[in-house]
2 protein chains.
Amino acid sequence: MSVNSIKPRKSSDRSKHELPSEKSDKPANEQIKKKQVGGVVRAIRLLDLLVSEGPLRFAEIEDRSGLPKATLHRMLNDLIDERFVIFDERALSYNAGYRILEMANRVWTRSDIRMLARDQLLALSALTGETVQIAVHADTHVVVIDHVESTQSVRLSISVGNKSPVYCSGTGKVMLAWCDAQRQESIISRISFARYTPNTVTSLPELHKDLALISKRGYALDLEESFIGTNSIAAPIVDHGGQAIAGISITAPTFRVGVDELVQWKESLIAAAAEVSRRLAPRAGGSMDSSIN
Amino acid sequence: MSVNSIKPRKSSDRSKHELPSEKSDKPANEQIKKKQVGGVVRAIRLLDLLVSEGPLRFAEIEDRSGLPKATLHRMLNDLIDERFVIFDERALSYNAGYRILEMANRVWTRSDIRMLARDQLLALSALTGETVQIAVHADTHVVVIDHVESTQSVRLSISVGNKSPVYCSGTGKVMLAWCDAQRQESIISRISFARYTPNTVTSLPELHKDLALISKRGYALDLEESFIGTNSIAAPIVDHGGQAIAGISITAPTFRVGVDELVQWKESLIAAAAEVSRRLAPRAGGSMDSSIN
DNA sequence: AACATTGTTCCATCTTTCGCACTGTTGTGC
DNA sequence: GCACAACAGTGCGAAAGATGGAACAATGTT
């Protein structure tokens with residue numbers, strides 16, 4: 001039972017922050033030697049379960065998490081005490097609590113990169129009249145941390161916190177392109193491709209070709225690769241060593257904005273992203289170590 | 001060292017979810033020697049520390065959390081692995097990670113009470129042209145979970161996730177007023193009053209008097225009690241037994257909307273809140289307590 | 001009343017914990 | 001440049017405490 005189990009581990013394989021999470025979607029050769037995790041990590045996985053799958057009853061949680069009853073009870077009670085989990089006494093169901101929103105609110109309002117980028121987003125939005133977003137890198141995905149939507153647009157208003165795979169979003173591809181080879185390879189090797197639209201990049205050769213083009217041009221295009229009817233253009237925000245840590249994108253519906261028009265905004269977009277990069281490096285010397293870019 | 005320390009506890013006082021957190025903002029007479037907490041809770045407190053106080057270096061975290069070095073390292077690494085914490089290799093500082101935003105996004109989009117209330121918020125906003133919010137109860141505070149701002153203000157709104165004390169917000173007072181006596185007493189006893197404006201309720205007699213009026217009227221007024229220049233009116237969303245679990249409020253600047261005008265919206269507001277209450281109880285019998293349901 | 005499910009208690013085991021001692025790195029003052 | 005201090009991070013091991021299987025109690029449900 002419980003394919004994606006959450007069992008304890010020997011506290012030995014303390015790897016070097018190599019992002020061992022990213023629960024693989026492939027329940028292939030399950031030697032049951034699943035990475036044993038400690039109490040804290042188990043609690044987080046548990047929370048994730050509740051956040052993802054609506055309210056769950058105890059038996060369901062027990063089943064899906066694979067945690068033993070007694071432990072699960074203790075953990076849930078801890079999370080309830082901290083308001084990370086809500087217990088519905090009538091339905092006897094557990095659900096994610098609103099303390100998460102509180103924390104997110106603080107993270108959001110205090111995010112320095114977001115604050116540094118805000119005026120640039122507003123300027124781009126005013127210039128283009130389209131939706132502008134900033135997203136940060138998160139392993140094999142990118143997470144939107146702010147967005148400005150101009151005039152009454154009807155689309156996904158709540159994109160903050162949205163996560164997309166690196167290979168099918170403008171910001172994601174930009175993030176890959178401005179990445180040292182080793183790190184890029186590490187990320188790419190952990191991608192599991194899925195086709196969202198006919199245009200989605202779903203193979204390594206395609207992706208590598210695209211990345212080469214992107215880093216040559218200085219910006220990335222996403223032409224209906226994640227959503228039909230939506231194009232976007234993205235540019236990187238880089239750190240001291242030229243590594244992308246975030247990206248800014250302009251998103252527009254295909255019926256309103258053609259590719260040519262989108263590309264016309266590239267200078268402004270790149271300039272905005274560069275400006276944010278510059279602000280992020282109050283202490284940067286200039287170029288670093290070996291290579292100069 | 002470490003006033004607000006986070007040390008382990010004997011796993012015995014498993015109280016009945018009595019919300020023992022609520023770190024008071026006043027580090028005053030703290031002889032309440034920290035209740036000993038388990039690993040999971042300690043990790044949450046640690047996360048809270050990072051979320052609240054920007055990026056911190058190791059020594060600072062050690063100091064402020066009171067956790068021993070080795071333990072702290074393990075915990076931080078676990079949180080980093082799960083992307084709840086970001087480690088800045090250049091500055092050697094730890095900060096809250098964006099995984100929190102991802103989770104919050106899911107919590108937000110999947111919140112059923114929010115979804116049930118959305119159209120009512122929109123209707124109220126259209127009617128009044130002012131900001132409308134819905135907030136849920138959170139011990140001695142209330143947390144905003146959604147809002148609609150009539151004038152084109154876009155963003156995920158700084159207000160979602162915002163926390164206010166129960167005694168100085170319309171929704172908060174409403175939450176207290178529709179509460180059984182025992183629970184009300186429990187909450188009130190844990191309030192630590194602070195004066196935000198000259199109008200803030202800062203004593204129990206005042207509060208009780210206000211609450212009596214509120215439950216008689218069916219709505220609560222907040223007349224510049226938390227912010228100068230801002231009034232609001234709020235009505236309760238109640239569960240099966242008449243307990244408030246959330247509140248809807250209309251907020252307006254004093255210069256634009258007088259109290260009389262605000263009160264004129266009470267019928268619409270109360271009706272909207274009642275409608276949401278009704279939707280929340282697909283299974284509710286009718287009257288409350290023991291008898292026939 | 002029999003049943004199903006949630007929740008609690010017990011306790012032998014095994015992991016985590018955490019003080020301490022140690023290494024490596026960064027920066028400060030002379 | 002040097003020594004020195006401050007800090008980040010790791011390894012060790014005895015003690016503390018979490019873990020989890022199972023039996024038990026307390027709920028609803030049929």
Side-chain angles (χ1 to χ4, degrees), chain A residues 1-2 5-17 35-43 45-46 55-81 85-95 283 285, chain B residues 1-2 5-18 34-46 50 55-81 85-95 240 283 285 290 292-293:
Chain A
M1 22 236 93
S2 94
S5 163
I6 310 176
K7 283 288 180 66
R9 91 182 141 203
K10 275 233 142 320
S11 63
S12 37
D13 61 324
R14 225 30 10 285
S15 60
K16 199 71 169 173
H17 300 166
K35 52 193 82 163
Q36 315 267 55
V37 294
V40 173
V41 174
R42 281 198 286 176
R45 302 268 170 89
L46 173 58
L56 293 176
R57 299 249 306 292
F58 188 87
E60 299 176 291
I61 300 174
E62 198 180 357
D63 209 42
R64 281 148 144 309
S65 71
L67 292 172
K69 212 171 158 186
T71 305
L72 190 50
H73 261 293
R74 274 188 302 250
M75 228 164 233
L76 284 171
N77 282 329
D78 281 349
L79 290 172
I80 288 170
D81 286 346
V85 168
I86 297 172
F87 178 60
D88 183 333
E89 299 196 5
R90 259 213 304 172
L92 296 185
S93 66
Y94 299 83
N95 205 350
R283 241 189 129 41
Chain B
M1 15 248 100
S2 94
S5 171
I6 310 175
K7 282 288 181 65
R9 98 186 134 197
K10 271 233 144 305
S11 62
S12 39
D13 61 323
R14 213 83 313 305
S15 61
K16 202 70 167 169
H17 302 165
E18 267 310 310
K34 50 275 173 172
K35 44 201 80 155
Q36 314 270 56
V37 294
V40 172
V41 174
R42 280 198 287 176
I44 291 175
R45 301 269 171 88
L46 172 58
L50 288 175
L56 294 176
R57 300 249 307 291
F58 189 89
E60 298 175 292
I61 300 173
E62 199 180 357
D63 208 42
R64 283 151 149 303
S65 70
L67 292 172
K69 214 173 166 185
T71 306
L72 190 50
H73 260 293
R74 250 177 303 106
M75 224 163 236
L76 285 171
N77 282 329
D78 282 348
L79 290 172
I80 289 170
D81 286 347
V85 168
I86 296 172
F87 178 60
D88 183 333
E89 300 195 4
R90 262 214 301 174
L92 295 184
S93 66
Y94 298 82
N95 205 348
H240 54 298
R283 237 187 133 42
S290 47
I292 316 162
N293 47 344

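Sequence lines set the chain letters: A, B, ... in the order given, protein chains first and strands last, and positions in each chain run from 1. Only heavy atoms go into these numbers, but all of them, side chains included; no hydrogens, no water, no symmetry mates.
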Taking atom P of D/dG17 as reference, at what distance in whole Å does atom CG of A/D78 sit? 15 Å
Rounded interatomic separation in angstrom, taking CZ from B/F87 and P from D/dA8: 9 Å
Starting at CE of A/M75 and ending at P of D/dA18, how long is that distance when rounded to a whole Å? 11 Å
Decide yes or no, distance alone: a donor-acceptor N/O pair under 3.5 angstrom between the base of D/dG20 and the side-chain of A/R74. yes
One should read off an interatomic distance between B/R45 CZ and B/M75 CE, to the nearest 0.5 angstrom, of 11.5 Å
Relative to the ring of B/F87, is the ring of B/Y94 parallel (under 30°), tilted (30 to 60°) or perpendicular (over 60°)? tilted
Residue closer to the 5' end of DNA chain C, A/Y94 versus A/V40 (nearest nucleotide): A/Y94
Under 4.0 Å between a side-chain N or O of A/T71 and OP1 or OP2 of D/dG20? yes
Side-chain atoms of A/L92 come closest, of C/dG7, D/dT19, D/dA8, to C/dG7
Distance in angstrom units between A/H73 NE2 and D/dA25 C1', rounded: 12 Å
Could you work out which one of D/dG20, D/dG9, C/dT6 sits closest to the side chain of B/F58? D/dG9
If you round to the nearest 0.5 Å, how far is OG1 of A/T71 from CG of A/L76? 10.5 Å
Rounded distance (nearest 0.5 Å) linking atom CG of B/L72 with atom CG of B/D63: 11.0 Å
Residue mapping more 5' on DNA chain D - nearest nucleotide basis, B/A70 or B/R57: B/R57
Compare the minimum distances between each of C/dC18, D/dA8, D/dT19 and the side chain of A/R42, then state the nucleotide with the smallest one. D/dT19
C/dT5 P sits how many Å from A/L56 CG, rounded? 15 Å
Whole-Å distance separating the CD atom of A/E60 from the C1' atom of C/dA4: 14 Å
Nearest whole angstrom, please: distance from the C1' of D/dC7 to the CZ of B/R90. 19 Å
Side-chain donor/acceptor of B/N77 to backbone N/O of B/H73, under 3.5 Å: yes
Roughly how many Å is it from CD1 in B/I61 to C1' in C/dC18, rounded to a whole number? 17 Å
Hey, which sits more toward the 5' end of DNA chain D by its nearest nucleotide, A/G39 or A/K69? A/G39
